[in-house]
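Some notes on the structure that comes next.
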Amino acid sequence: MIKSRYELAVTRYLAAKSGIYDDGERSAMLYLAREYFQSEDVHKFVEKIDRELNARPKVEIRNKKTDNDAPVFIAASPKMKKIVELAENVAQSDLNILLTGPTGAGKDQLAKYIHYCSGRKGEFVTVNSAAIPDSMVESELFGYRKGAFTGAEWDNPGLMVEADGGTFYLNEIADAANQLQAKLLEVIENKTIRPLGGGAKKKINIRIIAATNHNLTKRIAENKFRLDLFHRLNVVPIDLPPLSERLEDIPVLVKHFLDHHHIDININGDSKRFDDFCRFLSMQIWTGNVRELRSRLDHLCITSGYNFERMLNIIALGNFGDKDKLQAVLDMAGGSRRKAASILGITEGGVRYRMKKYGIEPDESA
């Protein structure tokens, strides 16, 4: 496996140097090769690729600050910053991308961000692969002519024509029906479609991004997914980690989501309150990842009346129940049992009882 990854990285490097690819694809292949060589400390190739990348124009992304409709992808942890850098570098190529990772990790948002960075003028069209049955694959993807079947009372261009010049985003690709898999492979190879009911073939220019939270290698072994389609989609693999592996992202994600609700996190200029708030959130298990975090914050905003102080109290109370979390409340209150009781919405006696129960020594200076 190590040898094959090394050979693939070398092949990408040599292909980028060959001069037969456009600037976007060359940069994408160089970046993918560099990612592997850097992970294996192959400094010779890293230095060569850096010289190549530095000699090329930097990736230009439209000014997000002046574009209110621009999608953003929030990243603070080193792992996620690396993913964003990769996404920005491959965006302007035509290479197909396969996004993997658990539910709610941000695959949909990253796909939109890649489309935005690509500079493509066409639409970003999302397709739920699991929702298209075999009998409707051609009519949904390629469109149909009036009279092509019972109920076809007008021409329908189809989803791929809608995405022409843009990005065709296939969500839940692991659950695609057999017919859909076969037709996708055909389109990727030929770059043409023919509407149901006749007519000339039409050349299309689409960039495909597919996403799944399933293990496609396992699906292939079970004969539920085509190996040839996997290789066509997996040109640029990007795997998004769960939120538990990038806790550094929580503060910037929280700030971003609260900004949408116009909530000022700097209560009396005390940033420690926000730090405590994020610390409480980091203690929780986010099985739904970023999506669950956003839903939780939306709910907190409503239940608190959009008051950050109340939100902090709700989160502290919700986390209350074990020694570590009680200690966190006491730390936030500077060791004061009275302030801790106020935060938790219980009596000071209740705090004392729980401190004794969990064996937490009081801070006599507080």
Side-chain angles (χ1 to χ4, degrees), residues 1 4-5 7-9 11-12 15 21 24-25 28-29 32 86-87 90-91 93-103 105 107-108 110-112 114-115 118 120 122 124-143 158-196 201-240:
M1 184 181 293
S4 67
R5 290 179 63 208
E7 294 295 342
L8 177 59
T11 301
R12 282 172 167 157
Y21 295 95
E25 290 181 330
M29 285 186 284
L32 287 167
L86 171 59
V90 302
S93 73
D94 292 329
L95 301 176
N96 295 333
I97 297 173
L98 179 62
L99 304 178
T100 55
T103 298
K107 297 185 292 295
D108 294 355
L110 184 58
K112 293 174 185 175
I114 292 171
H115 171 72
S118 73
R120 283 180 162 266
F124 178 85
V125 176
T126 300
V127 177
N128 184 340
S129 306
I132 304 179
D134 275 346
S135 60
M136 296 181 63
V137 167
E138 289 190 75
S139 61
E140 286 290 311
L141 297 188
F142 308 150
L159 294 169
M160 286 193 166
V161 170
E162 186 181 339
D164 195 15
T167 300
F168 195 63
Y169 177 48
L170 291 154
N171 200 5
E172 309 292 349
I173 189 63
D175 297 316
N178 292 334
Q179 180 75 351
L180 176 56
Q181 293 184 42
K183 291 300 178 181
L184 284 173
L185 187 64
E186 184 180 318
V187 170
I188 292 171
E189 292 178 345
N190 300 325
K191 304 292 185 184
T192 59
I193 62 170
R194 188 197 299 274
L196 197 63
K201 285 187 176 181
K202 175 180 173 60
K203 194 82 173 174
I204 58 167
N205 171 20
I206 58 173
R207 200 284 182 72
I208 294 179
I209 302 177
T212 181
N213 61 351
H214 292 290
N215 185 332
L216 279 180
T217 303
K218 183 179 178 182
R219 291 291 175 103
I220 291 167
E222 296 170 345
N223 292 320
K224 294 179 179 179
F225 199 83
R226 296 181 62 132
L227 179 61
D228 48 3
L229 178 59
F230 171 76
H231 288 309
R232 296 290 190 181
L233 296 174
N234 196 45
V235 180
V236 180
I238 301 180
D239 184 50
L240 275 71

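All values reported here derive from a predicted model rather than from experimental measurement. Values reported hereafter were calculated over all heavy atoms of this structure, with side chains retained and with hydrogens, waters and symmetry mates removed.
In this structure, Leu98 and Leu216 have side chains that are in contact, with non-hydrogen atoms separated by less than 4.5 Å. Residues Leu32 and Val235 form no side-chain contact, since every pair of their non-hydrogen atoms from C-beta on lies 4.5 Å or further apart. Inter-residue side-chain proximity for Arg207 and His115 is flagged as unmet; no heavy-atom pair is nearer than 4.5 Å. Side chains of Val127 and Glu140 form no contact here, defined as non-hydrogen atoms less than 4.5 Å apart.
The two residues Met160 and Phe142 make their nearest non-hydrogen contact at SD-CE2, 3.8 Å. For the pair Leu86 and Pro237, the tightest heavy-atom approach, listed with the atom from each and the gap, is CD2-O, 4.3 Å. The two residues Ser118 and Ala91 come nearest to each other via the heavy atoms CB-O, 3.2 Å. Closest non-hydrogen pair, Asp134 versus Ala177, comes out as OD1-CB, 3.0 Å. Considering every non-hydrogen atom in both Leu95 and Ala28, the closest pair reads CD1-CB, 3.6 Å. Between Pro133 and Ala131, the closest heavy-atom pair is CD-O, 3.3 Å.
Taking CD1 of Ile188 as the start and CZ of Phe168 as the end, the distance is 10.0 Å to the nearest 0.5 Å. Ile208 CD1 to Tyr169 OH: the interatomic distance, rounded to the nearest 0.5 Å, is 13.5 Å. Taking CD1 of Ile206 as the reference point, atom CG of Asp164 lies at 8.0 Å (rounded to 0.5 Å). Atom-to-atom distance recorded for Glu189:CD and Asp228:CG is 7.5 Å, nearest 0.5 angstrom. Summarising the geometry, atom NZ belonging to Lys107 is positioned 9.0 Å from atom CG belonging to Asp239; distances are rounded to the nearest 0.5 Å. A distance of 8.0 Å separates CG of Leu170 from CD1 of Ile132, quoted to the nearest 0.5 Å.
Listed by first and then second residue, the salt bridge (charged side-chain N to carboxylate O under 4.0 Å, His left out) pairs that reach into residues 93-103 are Asp94-Arg120, sequence neighbours excluded. Contacts classified as ring pair (Phe, Tyr, Trp, His ring centres under 6.0 Å) and involving residues 201-227 (residues at least two apart or in different chains) are not found.
Side-chain contact of Ser129 with Asp175: a donor-acceptor pair under 3.5 Å is absent, judged by distance alone.
The side chain to side chain contact (heavy atoms under 4.5 Å, CB included) test with Leu99 singles out one residue from Leu110, Thr212, Asn171, and that residue is Leu110.
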For residues 180-187, dump all side-chain donor-acceptor pairs below 3.5 Å to protein atoms at least two apart in sequence or in another chain.
unit_1: Gln181; atom_1: OE1; unit_2: Arg226; atom_2: N; d: 2.9
unit_1: Gln181; atom_1: NE2; unit_2: Ala176; atom_2: O; d: 3.0
unit_1: Gln181; atom_1: NE2; unit_2: Lys224; atom_2: O; d: 3.2

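Taking a 6.0 Å sphere around NZ of Lys191, one finds it holds more than 12 heavy atoms contributed by other residues, nucleotides or ligands.
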